[in-house]
Every structure is written in structure tokens, then in C-alpha cells.
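What follows is a set of notes on a single structure, which appears directly below.
Quick caveat: nothing in here was measured; it's all calculated off a predicted structure. All ligand and atom numbering here is 1-based and tracks the order in the structure.
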Amino acid sequence: MTPIDGRAAAAAINADTAAAVAALAGRGTTPALTIVLPTADESSAWYVRSIGRAAEKLGIRCVVEELAEPDALTLAARLAELSADPAVHAIVCQTPLPAGVRLEEVGAAIDPAKDVDGANPTSLGRLAGGLPAYPPATAAAVLELLRRERVELAGRRVVVVGRSLVVGKPVALLLLAEHATVTVCHSRTRDLPAVCREADVLVAAVGRAGLVDASYVREGAVVIDVGINPTADGGIVGDVAYDDVAAVAGAVTPVPGGVGPVTTALLLRHTVRAAGGS
Ligand SMILES: NC(=O)c1ccc[n+]([C@@H]2O[C@H](COP(=O)([O-])OP(=O)(O)OC[C@H]3O[C@@H](n4cnc5c(N)ncnc54)[C@H](OP(=O)(O)O)[C@@H]3O)[C@@H](O)[C@H]2O)c1
């Protein structure tokens, strides 16, 4: 079994991003990302701080704007203001959102040209229509890892477990664009292990620690674990029971060190592109 090294992939992406930032600096532009943090959720605050550190290392300005549990109207109004601000190139509205606020609703206030984490339903629609758009960075990270591992997708069976707007659905659209035969599973899927065992490539984006064990995996399959589940000791584990699955899979992403670092690297790549970089 080959472990898929997300940290190495992220380092390679970041090297390209640093070069693009330097080229932009030569034209007098510093890419500027604003992340709106609308709750006091501790793990998203931690995640956002890690994006800020990564941005700083690459010469990207990153402002974190903390809002105290705004309602949908207030949050959408702030996202619209940032969209209209020429000093802001890229906007992320960090989830989780306050109770009762839906990302589809407030994400629509983000200008698609600045929507570097694909939160505006227009971005997903453009993706479905094969038009240029920023996919959610996590969904893009799944495809980036498969591309870097040179995993053949055309004509192959891919099973995605999870159908959220931020991960499962955009991943499925991106895989279809690569000509994979895609099955999307969710909480109502019958006999999930049997469906998953048909996969040449299995993507787990559920949010249930260790749900995917060896009984879900065909011998030699490539397994991408998107899940981030907190553990009692302050760490994180994925949706895949790594050691169990490693015994049958051809390649697996670890958690941490798989999809996560690539997600951050792609968010910053998208930011530089939104600022006019390559
Ligand atoms: N690595 C990263 O950068 C990154 C970024 C974003 C999210 N994540 C992680 O990815 C995971 C998924 O995130 P999300 O935002 O997509 O979560 P979500 O919105 O809660 O969606 C979870 C999906 O899993 C399905 N599901 C739940 N229990 C299931 C079960 N027992 N069997 C089959 N399907 C089941 C749900 O089905 P229904 O639709 O039927 O409810 C839903 O479609 C989480 O662990 C999250 O922390 C990671």
C-alpha cells in the first residue's frame, strides 16, 4: 500500500504559489484574502489561524474577521460589502455557520470572482455547466491528489460517500468532468459496504470516525479520506480506519497529512488567481 503524502503535495503547490505571488508583487499587487468567521467554534478558529500562517509565509495578506453569531441578513450584507471592496481579492465564509443560517443562502452574496472556496451556488452551477469557477478547495484537493498520484479516472468506478454542497456534490462533478463513472452515496444508501466495494477509487466525506473499514474496500482500490473528526485527546482522525484499510487498499490518504494540507494550499492558489496571478 502506498500512503498518499498530502504535505508533500501541498509543499509543491505552495512553491508554485510563491512564484505567482512574486510575479504579482512585481506588478504592485499583494493578494488579499478575507476570512469571515461567524461563530466562536474552536476548531474552525484553529483552522483559520493555520490558513493565516500559511498565507503569511507565501506573502498573501490574510485578514480574519470575527463576527458574533450574525443572522443571515447581517452576514450576507457583510459578504456583499467585502465583494464590493476592490482591496479584497478573495473571500471565505468559514463554516460552521450560526444556527439557522445556510451557506447556500449567504454564499450567494460573495462575488463569484472572489469566491475562492466555492460557496456561492452560482460557482457550483458553473462547475456543473463546465464553465470556469472556483470549486470548494476541499473538493479540488481530492482531484489534485488523484492527479498527482496519476490515478486513471476515465471510465473507472468512483464511489463518493457524502453529498454535501461543500464536498460530496462538487467532488462528484469534478470526477464526472474527468470521465469517471461516479456513484454518490449518503445516509439512505442501502448496503453501503457493497456499493463501496465496487469502487476503483473511494472518496469518504462523511464525518464519522472510522466508518470505512476494510470491508468497504476492494483489493488495490485508491482511498481518499476527507473526514476530519476530533478525538478526545485533541487530535483528529478521518472517516477511514487507516490501518485496517491499508491492508487491502492500493493507496490511502492519512488524516492528518492528506486532504487537509492540500485544501489550504489550493485555497491560497485560488486567492492568488483571484488577485490576477497565474
Ligand atoms: N479536509 C478538509 O479540508 C475538509 C473540508 C470540509 C469538510 N471536511 C470533513 O469532511 C467530512 C464531511 O464534511 P461535510 O461538510 O461534507 O459534512 P456534512 O455536510 O455533514 O455531510 C455529510 C454527508 O455524509 C452523509 N452521511 C452521514 N452519515 C452517513 C452514513 N452513516 N453513511 C453514509 N453516508 C452518511 C450525509 O448523508 P445525508 O445527506 O443523507 O445526510 C451527508 O451527505 C467532515 O468530517 C468534515 O469535517 C474536511
Side-chain angles (χ1 to χ4, degrees), residues 4-7 9-10 13 35 37 39 41-51 54 92-97 99 101-105 107 116-119 121 124 134-146 159-175 182-199 202-213 215-217 223-231 235-242 252-270:
I4 299 177
D5 186 348
R7 291 196 179 104
I13 296 163
I35 304 177
L37 193 58
T39 66
D41 180 74
E42 237 174 73
S43 50
S44 37
W46 180 88
Y47 174 60
V48 163
R49 276 197 300 275
S50 78
I51 296 173
V92 170
C93 180
Q94 186 59 43
T95 56
L97 299 177
V101 179
R102 297 174 58 198
L103 187 61
E104 306 84 281
E105 205 179 358
V116 289
D117 206 15
L124 196 62
Y134 296 109
T138 305
V142 171
L143 270 289
E144 181 77 19
L145 283 167
L146 292 171
V159 173
V160 180
V161 191
R163 57 173 165 180
S164 73
L165 280 176
V166 281
V167 195
K169 281 179 187 157
V171 164
L173 288 173
L174 292 170
L175 289 163
V182 184
T183 302
V184 181
C185 300
H186 45 78
S187 65
R188 311 279 184 95
T189 298
R190 292 189 189 157
D191 200 354
L192 184 63
V195 179
C196 291
R197 275 196 306 273
E198 290 173 14
L202 177 60
V203 179
V206 182
R208 301 270 184 284
L211 174 83
V212 173
D213 63 20
S215 73
Y216 287 58
V217 180
V223 181
I224 306 290
D225 189 355
V226 180
I228 300 178
N229 306 290
T231 57
I236 54 166
V237 293
D239 291 342
V240 173
Y242 187 87
V252 189
T253 58
V255 176
V259 174
V262 180
T263 298
T264 302
L266 290 183
L267 191 68
L268 297 175
R269 174 196 273 175
H270 292 174

Judging by distance only, is a nitrogen or oxygen of Asp239 under 3.5 angstrom from one on ligand 1?
no

Testing the basics here: between Cys185 and Val159, what is the closest heavy-atom pair and its distance to 0.1 Å?
SG-CG1, 3.7 Å

Do you know which two heavy atoms are closest between Thr39 and Pro96, and how far apart they sit?
CG2-O, 3.4 Å

Taking atom 17 (O) of ligand 1 as the point of reference, which of Thr264, Val167, Val206 owns the nearest heavy atom?
Val206

Report the part of Val166 (side chain from C-beta onward, or backbone N, CA, C, O) that has a heavy atom under 4.0 Å from ligand 1; answer both or neither where that applies.
side chain

Quick one: does Asp239's side chain have a donor or acceptor within less than 3.5 Å of a partner on Gly210's backbone?
no

How close does the nearest protein non-hydrogen atom get to atom 40 (O) of ligand 1, and which residue and atom is it?
Ser187 OG, 2.5 Å

Donor-acceptor pair, distance only, cut-off 3.5 Å: does the side chain of Asp225 make one with the backbone of Pro254?
no

Among all the protein's non-hydrogen atoms, which is closest to atom 31 (N) of ligand 1, and how far away is it?
Leu211 CD1, 4.2 Å

side-chain contact (heavy atoms from CB on, under 4.5 Å) partner of Val240, the single match among Ile224, Asp213, Val212, Leu202:
Val212

Classify the side-chain pair Ser43/Asp41 by whether it contains a donor and acceptor separated by less than 3.5 Å.
yes

Which atom pair, heavy atoms only, marks the closest approach of Arg102 to Leu97?
C-CD1, 3.7 Å

How close does the nearest protein non-hydrogen atom get to atom 6 (C) of ligand 1, and which residue and atom is it?
Thr138 OG1, 3.8 Å

Is there a polar contact, in the sense of an N or O pair closer than 3.5 Å, between Ile228 and ligand 1?
yes

Do you know which two heavy atoms are closest between Pro135 and His270, and how far apart they sit?
O-CE1, 3.5 Å

Starting from atom 39 (O) of ligand 1, which protein heavy atom do you reach first, and at what distance in Å?
Arg163 NE, 2.7 Å

Heavy-atom nearest neighbour in the protein, as seen from atom 33 (C) of ligand 1, with distance rounded to 0.1 Å:
His186 O, 3.3 Å

Is it true that a side-chain atom of Asp5 and a backbone atom of Arg7 form a donor plus acceptor pair closer than 3.5 Å?
yes

Within the structure, is a non-hydrogen atom of Cys185 found at a distance of less than 4.0 Å from ligand 1?
no

Check this for me - ligand 1, Ser164, N or O atoms closer than 3.5 angstrom, yes or no?
yes

Any heavy atom of Leu192 under 4.0 Å from ligand 1? The part involved is side chain

What heavy-atom pair brings Glu104 and Pro121 nearest, and what distance separates the two atoms?
O-CG, 3.4 Å

Correct closest heavy-atom pair for Ala141 and Val262 would be CB-CG1, 3.7 Å

Among all protein heavy atoms, pick the one closest to atom 44 (C) of ligand 1 and tell me residue, atom and distance.
Gly207 CA, 3.6 Å

Minimum-distance protein heavy atom relative to atom 48 (C) of ligand 1:
Val226 O, 3.1 Å

Considering only the protein, which heavy-atom contact is closest to atom 28 (N) of ligand 1, and what is its distance?
Arg208 NH2, 3.4 Å

Per-atom filter on ligand 1: closer than 4.0 angstrom to a heavy atom of Val259 are 1 (N)

I'd like to check which ligand 1 atoms, numbered from 1 as shown, lie under 4.0 Å from a non-hydrogen atom of Gly162.
23 (C), 24 (O), 43 (O)

